[in-house]
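Before any comments, here is the structure.
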Amino acid sequence: MPELPEVEVVRRGLERWVAGRTVEAVEVLHPRAVRRHPGGGADFAARLRGEVLGVPQRRGKYLWLPLAGRDLSVLGHLGMSGQLLVQPEGAVDEKHLRIRVRFGDDAGTELRFVDQRTFGGLSLHETVADSAEGLPDVIAHIARDPLDPLFDETAYHLALRAKRTTVKRALLDQSLISGVGNIYADEALWRARLHYERPTANLTRPRSAELLGHVRDVMNAALAVGGTSFDSLYVNVNGESGYFDRSLDAYGREDEPCRRCGTPMRRRPWMNRSSYFCPRCQRPPRVSS
DNA sequence: AGCGTAACCTGGCGGC
DNA sequence: TGCCGCCAGGTTACGC
């Protein structure tokens, strides 16, 4: 499932393969793939035609392509199963091909948005007025991510202290810190030896700094090997799978021995998903909700 | 207001 | 063999 490292791998692929190219035609093959676009599929296609794509940017799990010389950006989110593929023109359509972008050059490739579960999509938005990188206005509420040099660590800590919630919820709250999903949340919590239901209100500054360090470490490790893949759904911009799943310490390891202490790892239903943890290294808070 | 939960969606898989 | 229910989870709408 694409989280920050996987999206960054896609962003780099787009930078190499589509930045600077001029859009010739857009086909929207499924309405849900453009449901965040205010004008619908026909409007999306019409407004993108003729535009020149700038250098792709990313914040958390969102990525966008600023349109050259315009205060507009194409915003993308991969959702659960989205892929952005650069394919040869004429290659057989993928089963779940949702959007095709053809270019007015002779490079011989096109950009495809493929998405089985249709949680992801593309849309066109005006950019925030003072944003040099062309931040789309609809994601202005998304916090900077932990790999962003401008991420405000002090503000993050103070927000954690002010919230009356638990630590994993706070890690997944994209308005506090972006880019963290269920997988990297469990990995960082395991590294920090924190139970997912620990209240954030009494986290000390050193403890939250340590947790943030683990979030950065696990994301950088994933980036180094090109993202994570658990099945054939996630591939990068050129259709290459990542290999980070082989080095996960917590996620998906129910009943397998903790890599620190050997205790069988556990899985608990949590927020319509699962939390994986070591019952010995990650003790639950005294008062569990 | 702030926090927690349900719904959106598809296909793989286990069980019967 | 085939069908049914469960599971995966990022985001947002909604309710308390």
Side-chain angles (χ1 to χ4, degrees), chain A residues 1-8 10 29-38 58-64 75-84 94-99 113-123 125 136-143 145-146 158-189 196-201 215 219 222 227-235 241-242 244-245 248 250-255 266-276 285 287-289:
Chain A
M1 319 303 166
E3 298 181 30
L4 185 155
E6 292 78 18
V7 178
E8 174 59 17
V10 171
L29 303 166
H30 196 300
R32 258 185 72 81
V34 291
R35 71 191 182 287
R36 293 194 68 169
H37 182 77
R58 183 189 55 73
R59 177 178 289 195
K61 303 168 197 169
Y62 286 93
L63 56 79
W64 66 90
L75 178 64
H77 196 291
L78 301 178
M80 296 290 303
S81 53
Q83 301 167 245
L84 281 163
E94 291 77 7
K95 180 177 181 186
H96 302 295
L97 177 62
R98 310 304 190 195
I99 300 172
F113 180 71
V114 177
D115 189 10
Q116 178 208 116
R117 292 177 222 180
T118 69
F119 279 86
L122 302 180
S123 49
H125 302 278
D137 56 8
V138 293
I139 61 164
H141 67 291
I142 300 293
D145 61 62
L158 293 176
L160 287 185
R161 300 280 303 192
K163 291 277 179 183
R164 292 298 176 265
T165 189
T166 49
V167 65
K168 187 170 173 182
R169 279 183 193 281
L171 281 175
L172 298 183
D173 185 340
Q174 307 294 301
S175 68
L176 295 181
I177 182 173
S178 67
V180 184
N182 200 42
I183 296 166
Y184 293 107
D186 279 2
E187 292 301 305
L189 289 169
Y196 58 97
E197 285 188 324
R198 266 286 296 269
T200 57
V215 171
M219 285 184 167
T228 304
S229 174
F230 300 99
D231 48 38
S232 60
L233 285 180
Y234 172 74
V235 290
S241 292
F244 188 65
D245 56 310
L248 292 177
Y251 185 84
R253 300 196 66 244
E254 183 180 20
D255 295 333
R266 289 192 185 153
R267 179 177 73 89
R268 289 284 178 273
W270 181 84
M271 273 181 71
N272 287 327
R273 36 183 70 64
S274 294
S275 277
Y276 296 87
V287 183
S288 184
S289 53

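Reckoned from all heavy atoms, side chains included, excluding hydrogens, waters and symmetry mates. Worth saying up front: this structure is predicted, and the values here are computed from it rather than measured. Order of the sequence lines sets the chain letters (A, B, ...), proteins ahead of strands, with each chain counted from 1.
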Notebook entry, point to check: What integer distance in Å separates E6(A):CD from dG10(C):P?
Noted result: 10 Å
Margin query: Measuring from atom CD1 of I142(A) to atom OG of S178(A), what distance do you get when rounded to the nearest 0.5 angstrom?
Written below: 6.5 Å
Margin query: Could you check whether any side-chain N or O of R35(A) sits under 3.5 Å from a backbone N or O of R32(A), counting only pairs where one atom can act as donor and the other as acceptor?
Written below: yes
Margin query: I need the CD-C1' distance between E254(A) and dA8(C), as an integer number of Å.
Written below: 14 Å
Check: Which one, dT12(C), dT10(B), dG10(C), comes nearest to the side chain of R117(A)?
Finding: dT10(B)
Item checked: Distance in angstrom units between I142(A) CD1 and dT11(C) P, rounded -> 6 Å
Notebook entry, point to check: Counting only side-chain N and O atoms of S274(A), is one of them less than 4.0 Å from OP1 or OP2 of dA8(C)?
Noted result: yes
Next item on the list: Check whether any side-chain heavy atom of E6(A) sits under 4.5 Å from a side-chain heavy atom of L78(A), and report yes or no.
Entry: no
Note to self: Would you compute the distance between atom NE2 of H77(A) and atom OG of S123(A) and round it to the nearest 0.5 angstrom?
What the structure shows: 10.5 Å
Notebook entry, point to check: When you look at R169(A) and W270(A), which way does the side-chain contact (heavy atoms from CB on, under 4.5 Å) test go after all the steps?
Noted result: CA-CA 10 Å; R169(A) 279 183 193 281; W270(A) 181 84; 3.8 Å; yes
Note to self: As a test of reading the structure: which of dG11(B), dA8(C), dG4(B) is closest to the side chain of T165(A), going by heavy atoms?
What the structure shows: dG4(B)
Next item on the list: Examine dG11(B): is either OP1 or OP2 under 4.0 Å from a nitrogen or oxygen in the side chain of K95(A)? Give yes or no.
Entry: yes
Notebook entry, point to check: Rounding to a whole Å, what distance do you find between R36(A):CZ and dC9(B):C1'?
Noted result: 16 Å
Notebook entry, point to check: Between atom CE in M80(A) and atom P in dC7(C), what is the gap in whole Å?
Noted result: 14 Å
Next item on the list: Using atom types as modelled and distance alone, determine if a side-chain donor or acceptor of E3(A) lies under 3.5 Å from a backbone N or O of G181(A).
Entry: yes
Next item on the list: Measure from the side chain of Y251(A), starting at C-beta and using heavy atoms only, and say which of dC3(B), dA8(C), dG10(C) lies closest.
Entry: dA8(C)
Item checked: Given dC3(B), dT5(B), dG11(B), the nucleotide with the shortest approach to the side chain of Q116(A) -> dG11(B)
Checklist line | Selection from dA6(B), dT10(B), dT11(C) that lies nearest to any side-chain heavy atom of Q174(A) | finding: dT11(C)
Check: What is the distance from NE2 of H77(A) to P of dT12(C), rounded to the nearest Å?
Finding: 8 Å
Notebook entry, point to check: Between dG12(B) atom C1' and H96(A) atom NE2, what is the distance in whole Å?
Noted result: 11 Å
Note to self: Would you say K163(A) places a side-chain N or O within less than 4.0 Å of OP1 or OP2 belonging to dG2(B)?
What the structure shows: no
Margin query: Between A162(A) and T118(A), which residue's closest nucleotide on DNA chain B lies nearer the 5′ terminus?
Written below: A162(A)
Notebook entry, point to check: Checking all strands, does R267(A) fall into the base, sugar-phosphate, or nothing category for heavy-atom contacts under 4.0 angstrom?
Noted result: sugar-phosphate
Check: Taking the side chain of R32(A) as its heavy atoms from C-beta onward, which of dG10(C), dA8(C), dC8(B) lies nearest to it?
Finding: dC8(B)
Note to self: Taking the minimum atom-to-atom distance to the side chain of M271(A), which one of dG10(C), dT5(B), dG11(B) wins?
What the structure shows: dT5(B)
Next item on the list: State which of dG11(B), dG10(C), dT12(C) makes the closest approach to the side chain of N182(A).
Entry: dG10(C)
Margin query: Does R169(A) reach a base, just sugar-phosphate, or nothing at all? Heavy atoms under 4.0 Å.
Written below: base
Note to self: Measure NZ/K61(A) against C1'/dT11(C) and give the value in whole Å, please.
What the structure shows: 9 Å
